[in-house]
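Notes to accompany the following structure.
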Amino acid sequence: MSDAPILRTAGLRARVTEEEMEILKGVDLAIRPGEIHAIMGPNGSGKSTLAKVLAGHPGYEVTGGSAFFDGQDLLELETDERARAGVFMAFQYPVAIPGVSIANFLRTALQARLEDGEELDLFDFQDILLERMELLEMSPSFAERAVNDGFSGGEKKRNEILQMAVLEPSLAIMDETDSGLDIDALKVVARGVNTLQEERPAMAVLLITHYQRLLNYIEPDFVHVIVDGRIVLSGGPEVALSLEEGGYHEHRKLQSTVSAA
Amino acid sequence: MPSNEAVQDIGLDDYKYHFITEDEPVFRSGRGLNEKVVREISAQKGEPEWMLDFRLKALAIYNAKPMPTWGGDLSQLESVLGEIFFYVRPQERMERSWDDVPVNIKETFDRLGIPEAERDILAGVGAQYESEMVYHSLKAEWEAQGVIFDSIEDGLRNHPELFREHFATVIPAADNKFSAMNSAVWSGGSFVYIPPGVELDTPLQAYFRVNQEQMGQFERTLIIADEGSRAHYIEGCTAPVYSTESFHSGVIEIVVKPGAHFRYTTIQNWSNNMYNLVTQRSLVHENATMEWLDGNLGSKLTMKYPSCYLVGERAHGSILSIAYAGNGQHQDTGGKVVHAAPRTSSSIVSKSISKGSGRASYRGLCKVYEGSTDAKSNVECDALLIDEAARTDTYPYIEIDENQSTVGHEARVSKVGEEQIFYLMSRGMPEEEAMALIVRGFIEPIARQLPLEYAVELNRLIELEMEGSVG
């Protein structure tokens, strides 16, 4: 894992568009291909904002710092261009698109990756979709349902994993994918991520989570603790375990020391 | 394309079907509407005396009725009507086979994809070019079953009794100002008769377009679905773009006899300077079902409310309507159901999309007469706004004179959300594609009721209209 980072942020700062207060106050992060990074932090620490800023959510604006993805200036790319370049974000609260089947949605997403004038072969697509669903142990009928329309929390997350499997990103950002999931659904998500990474070992994963429990099922290479818009502690899986015991309280104290310094 | 400012103002640059084929009409009436024009039309068609009388009475009713003051803005209409030709006849005789159709007219149809559809899928085609049927074919086995699918003129000529028994019984000339106008100057349209018990698997289909500048089109269609029969009629049209106002006012009458099942599908895409004021009504007898599937795109103003008069026990009426109002357009559409017998049921599902300065209004009437016990009606209106400026209104009129009945009404307005667009873009779709996908999903419940080639066409037309809706 000595490759160049696929994602590198330096001093990344951001706020909600047209609001005064910064939420990210200088985030430095380097993720290499194949690495799994977990970002943990209390509510309001900015961990979810980081995910959205990387994916290009229009509700946030970058106020400073840089982010490079696979050698390109990520901040110069539109949301859809980032996706086509290989960034994928699994949503915490995926929205419903009534009347659009998952299959149709994914076909449109794959078609968007082709050159102008190139047509995605329908049979090829069907093969890809079925093969991906089989890998994730999903029933083919799932793809006929309208995207997230009337889905349970677990179904929404399965849908995110399926999209990730079909779109084959080089960086998968899981934005609190574990929130609101029962333990079975959590296992499904974890198995999905693990399966996909086994299949494509170069895929980097950024797990954004409040809880340690997801990390029981997806083992991170690195854990970062974010408090008040800054990464205050980075280390191996043991950092997550220490959080489990001490909570974020200790790191808040650490944060005030850092700020004071 | 005329480099007229008015045309550019309403953003017609990307209008796909803007092409004009050269042709010389055989006969053209003078501008405006008067008795002379009406007499000329009737004489040109060699009609029986009763029809001329009917037309002249209708003209008197038209002149006596004031312009409607509800619905869309008709204030410019009077001056428009003074300028248009009320009758144009491109050819002297009816065509039976595709080979006989003049080349320039074929070209127009070719560009609309008609021949392929006709050869591969469709069993019968009635294509209305300007005011007259120029091409009309019917599958041999249907003729053997006694099905009549003719131009309205031939219907009158060849089936005088059947015609007279039903003509103007569903929509009398005096129904409204525009049905009176149509009754005075009608020309072209279809006459359809499905004999008792006959079931048609493939739809009957008419495709027509207006092509003569400043020409009003007043098609008149009369359909009789006899007892226990089952059929589907499809009408679709697209008109080329002109710089001056244009006008279309059709009358569609359908009689659905006991136990029959009839569906009428329209996809209309008028050029954006067209006034489209149509009266469509069905009379639905006991145990019969009538379904209207109505798609309205384009036009400057459309006022159209397909209706079902449920006059027999357990009659059922269903209206599915979809409207797209782009810049400068007003779609005032919806449906009307009248319950006049016990255990009748109806449903109206209306979906509209408004973009830019477009305005989509749902206008619906549900009337339940006393004695229509256990009548049931359900109305659902769903409006999608593409951007901040777009407008939608709902005007549901409900009149219930029977306590023992159930009427439900639901209306929803949604905006294409930033989160939805972001979600789709985060999967790699450009913004325009994301928007189109959301809109396709919105109309999917209606599109899936259409035959495949029409669903594809509807999606394509809407995508075309959506172009440039982003940014």
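Lettering of chains follows the sequences in order, A, B, ..., and the numbering in each one begins at 1. Bear in mind that the values here come from a model prediction, so they are computed numbers and not experimental data.
- Annotation: cation-pi pair R8(A)/F68(A) absent, no NZ/CZ under 6.0 Å from the ring centroid and within 45° of its normal.
- Looking at R113(A), only its side chain comes within 4.5 Å of chain B, counting heavy atoms on both sides.
- Looking only at atom types and distance, the side chain of Q163(A) has a donor-acceptor partner in the side chain of N159(A) under 3.5 Å away.
- Contacts of F442(B) with chain A are made by backbone atoms alone, with heavy-atom separations under 4.5 Å and no side-chain atom involved.
- For F105(A), the parts sitting under 4.5 Å from any heavy atom of chain B are the backbone and the side chain alike.
- For A96(A), the part lying under 4.5 angstrom from a heavy atom of chain B is the backbone only.
- In Y93(A), the OH atom is not crowded: 12 or fewer heavy atoms of neighbouring residues, nucleotides or ligands sit closer than 6.0 Å.
- Ranked by heavy-atom pairs under 4.5 Å with chain A, the first of E444(B), E418(B), M425(B), R448(B) is M425(B).
- For E433(B), the part lying under 4.5 angstrom from a heavy atom of chain A is the side chain only.
- A tilted orientation is assigned to the rings of F422(B) and F91(A), their planes being inclined by 30° to 60°.
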| request: Apply side chain to side chain donor-acceptor pair (under 3.5 Å) to T265(B) and H232(B), showing your working. | output: CA-CA 8 Å; T265(B) 295; H232(B) 182 188; 2.7 Å; yes
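- Contact annotation for P445(B): neither backbone nor side-chain heavy atoms come within less than 4.5 Å of a heavy atom of chain A.
- Looking at E419(B), both its backbone and its side chain come within 4.5 Å of chain A, counting heavy atoms on both sides.
- Across all non-hydrogen atoms, the minimal contact from V337(B) to S377(B) is CG2-OG, 4.0 Å.
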